[in-house]
Amino acid sequence: MKKILFLTLLSLAFTARAQVVVSVHETATDQPVIPAEIYGQFSEHLGRCIYEGIWVGEDSSIPNVNGYRTDVTDALKALKIPVLRWPGGCFADEYHWMDGIGPRENRPKLVNNNWGGTVEDNSFGTHEFLNLCELLGSEPYICGNVGSGTVAELAKWVEYMTAENGSMAELRARNGRKEPWKVKYLGVGNENWGCGGEMTAQYYSDVYKRYALYARNHSGNQLFKIACGASERDYEWTRTLMKNARWNMSGLSLHYYTVPDWNNKKSATDFTPEEYYNLLTDTYAIEEILTNHIAIMDAYDPERKVALILDEWGTWYDVEPGTNPGHLFQQNTMRDAMVAAINLNIFHKHTGRLKMANIAQMVNVLQAMILTDGPRMILTPTYHVFRMFNVHQNARLVPSEARCGTIVSASGEIMPSFSQSVSRDRNGLLHVSLANPYLDKAVKVEVEFDEFRPKAVSGEILKASTITAHNEFGKAPAVAPADFRDAKVNGKKLTLTLPAASVVVLEVK
């Protein structure tokens with residue numbers, strides 16, 4: 001019955017070509033900055049994210065610079081990654097940082113109990129990560145071990161990374177780095193309600209304050225301390241942390257994944273139209289979740305001194321057939337590109353409180369930017385969305401709204417039938433990001449400005465022959481951006497037609 005209702009609603013919606021009007025209020029005085037950190041990434045010791053994905057070692061036959069594979073780092077530089085979270089994830093609360101320093105041949109091996117039971121040789125540790133951040137021009141976001149670590153261990157790690165003098169600085173120098181690094185972001189634990197210790201919110205809030213107290217600022221380095229926040233709709237966790245520890249934190253995290261069904265995550269590439277729309281309505285749920293967590297934070301912190309940090313988000317499906325279930329390797333289709341575009345457009349509108357988001361994960365894991373297979377590499381549809389959208393980084397959000405219809409999924413959930421965001425960069429250029437989620441109907445769009453009269457418009461489009469299209473090793477890309485020339489200037493308007501299931505970013509002069 002639900003399937004019949006769903007298809008009937010779509011049929012009614014498409015009896016005529018859909019129309020969307022985007023009203024852009026470029027004269028509005030309230031134009032907050034979209035933090036670049038909204039485009040953050042996440043790299044965990046999980047599957048092939050670190051090893052093979054990023055780090056191959058200096059002696060590898062895969063082209064590399066100081067052990068970092070060249071093709072991957074070159075592609076990541078084009079994303080302008082503002083911040084990179086490491087070493088986890090669940091791995092963080094079993095990671096002991098001193099195992100990952102000193103001569104690599106002397107570093108102890110451990111079993112990665114969280115992710116597939118594979119052996120971790122610790123050849124990628126603190127120096128390798130922080131040097132990678134310097135290579136990419138990214139701010140490091142260190143996630144500390146609270147679940148199985150000690151207060152002293154975290155305090156000494158901070159000192160090792162950031163102090164100019166003292167025994168930890170001397171140890172760092174013996175290991176090849178005399179000058180301290182600048183480390184801004186420090187996460188005090190990860191998912192401490194689950195894999196990080198199965199703690200209650202009340203208990204963790206006291207633990208957090210203790211660990212945060214001894215994570216000192218050294219040599220002018222100022223830590224932005226992030227408390228472990230809630231999973232999805234656990235509003236009581238947010239309420240408890242804000243009530244008990246808001247004076248001690250700079251940020252509070254949140255995790256939300258777009259998952260078909262936690263008990264049946266289904267294929268990344270084989271899905272029906274009904275499953276596609278169900279997933280998109282699940283994606284749109286982040287708007288309500290952000291709004292509700294922000295309302296709780298506002299009640300305790302009306303001046304918005306504590307940032308909301310969405311440091312894990314993205315799609316989660318079954319792993320690709322024949323791969324280790326604990327390595328979370330999944331393909332990435334045009335559906336994932338649509339999920340990324342919708343999320344980023346939503347995030348822009350909540351940056352009064354939301355100051356960072358970190359998609360999971362950067363390479364070879366979950367909704368990755370890049371997939372590798374030995375020496376081969378492909379860019380995913382999600383990569384292209386992040387590269388196209390990075391024009392919004394540190395730009396000012398221009399208020400806008402879309403007059404559009406709604407889509408009702410087979411599961412009965414409702415979502416807008418269009419997604420948009422507008423920003424103005426430091427050079428005065430306007431950028432308009434648009435997404436048409438309809439699977440089989442183009443949408444005629446008018447972009448109306450209050451006073452501005454565009455002189456020229458250019459853009460890029462991301463679309464594919466089918467929504468299940470994905471890029472594969474050894475084949476020509478099935479999903480890649482192309483120039484978009486359909487937008488026309490008409491007075492204070494732009495007119496254009498967005499193809500079905502497409503994402504467009506316009507530059508307006």
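Note that these values count all heavy atoms, side chains included, but never hydrogens, waters or copies made by symmetry.
- In summary, the side chains of Tyr141 and Asn358 do not present any donor paired with an acceptor at a separation below 3.5 Å, with no hydrogens or angles considered.
- Residue Arg85 forms a side-chain hydrogen bond (donor to acceptor under 3.5 Å, both in side chains) with just one option from Gln41, Glu44, Glu312, and that option is Glu312.
- One side chain, Glu120 or His45, offers a donor N or O that lies under 3.5 Å from an acceptor on the other.
- Ring pair His293/Trp237: centre-to-centre distance not below 6.0 Å.
- The aromatic rings of His255 and Tyr257 lie perpendicular to each other, with more than 60° between the two planes, well past the 30° mark.
- Using a 3.5 Å distance cut-off with no hydrogens or angles, the side chains of His392 and Ser433 do pair a donor with an acceptor.
- Residues Tyr204 and Asn244 have side chains that never bring a donor and an acceptor to within less than 3.5 angstrom of each other.
- Aromatic pair Phe129/Trp181: centroids not less than 6.0 angstrom apart.
- Only one option out of Glu134, Glu164, Glu128 pairs with Arg177 in a salt bridge (charged side-chain N to carboxylate O under 4.0 Å, His left out); it is Glu134.
- In summary, of the residues considered (Asp336, Thr333, Thr269), a side-chain hydrogen bond (donor to acceptor under 3.5 Å, both in side chains) with Tyr317 occurs for Asp336 alone.
- A donor-acceptor contact under 3.5 angstrom links the side chains of Glu94 and Asn113, judged on distance only.
- Here His127 and Tyr160 bring their ring centres to under 6.0 angstrom of each other.
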